[in-house]
Amino acid sequence: MIRVYVCSCFGVTEKQVKEHAEAGACTPRQIASASKAGTDCGSCVRHIQALLGRGNCPRRELLNQGMPALGAETGDLSEAA
C-alpha cells in the first residue's frame, strides 16, 4: 500500500486527512486540531484545503448551530494510517 503524505512534519497521510474530514473536520484548522498537520512549517495547508474541497462538510449544520463538528463519538483518528 502506498502512503501519500500530506504533512511530512508530522507524518499525516491523505487517508488520515480524508478520515478526519469524514468525521466532521471541515477546515484546515480542524484538521490541524485533529492531527497537527499544518501546524509546523505550513507547507501542507494548501494540499489540505484541496483535499477538503469547497463546502464539502458533512456536519456543516452542527457548526452553523454553534455545536462542535467533532464529537467524542468520532473517536481519535490520529493513529489511523
Side-chain angles (χ1 to χ4, degrees):
M1 178 177 172
I2 297 174
R3 291 184 180 179
V4 178
Y5 287 93
V6 173
C7 175
S8 57
C9 295
F10 293 105
V12 179
T13 64
E14 278 189 3
K15 180 181 177 189
Q16 287 173 299
V17 170
K18 289 176 183 177
E19 287 172 346
H20 288 303
E22 288 171 7
C26 301
T27 65
R29 182 171 285 170
Q30 290 172 338
I31 294 293
S33 217
S35 68
K36 293 188 180 180
T39 62
D40 195 26
C41 77
S43 66
C44 60
V45 174
R46 287 186 188 257
H47 192 162
I48 293 168
Q49 288 172 326
L51 289 172
L52 293 175
R54 292 184 180 252
N56 297 332
C57 183
R59 299 189 181 185
R60 179 71 63 196
E61 295 124 24
L62 293 175
L63 291 172
N64 290 339
Q65 296 170 7
M67 299 172 66
L70 298 174
E73 76 278 358
T74 62
D76 181 14
L77 298 175
S78 61
E79 298 298 320

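Quantities reported herein were computed from a predicted structural model and do not represent experimental measurements.
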- Message: Under the rule for side-chain contact (heavy atoms from CB on, under 4.5 Å), what residues qualify as partners of Q49, not counting sequence neighbours?
- Response: P28, V45, R46
Anything under 3.5 Å between a donor and an acceptor, one on a side chain of residues 37-44, the other on a protein residue two or more places apart or in another chain? List them.
| residue | atom | partner | partner atom | Å |
| --- | --- | --- | --- | --- |
| T39 | OG1 | K36 | O | 2.6 |

- ILVMFWY network linking F10 to I31, side-chain heavy atoms under 4.5 angstrom: yes
- Looking only at non-hydrogen atoms, find the nearest pair between H20 and A34 and report the distance. ND1-CB, 3.5 Å
- Task: Looking only at non-hydrogen atoms, find the nearest pair between T27 and L52 and report the distance.
- Result: C-CD1, 3.4 Å
- Task: Measure the CD-OG distance between E19 and S35 for me, rounded to the nearest 0.5 Å.
- Result: 11.0 Å
- Query: In Å, rounded to the nearest 0.5 Å, how long is the span from NZ of K18 to CD1 of I48?
  - Reply: 13.0 Å
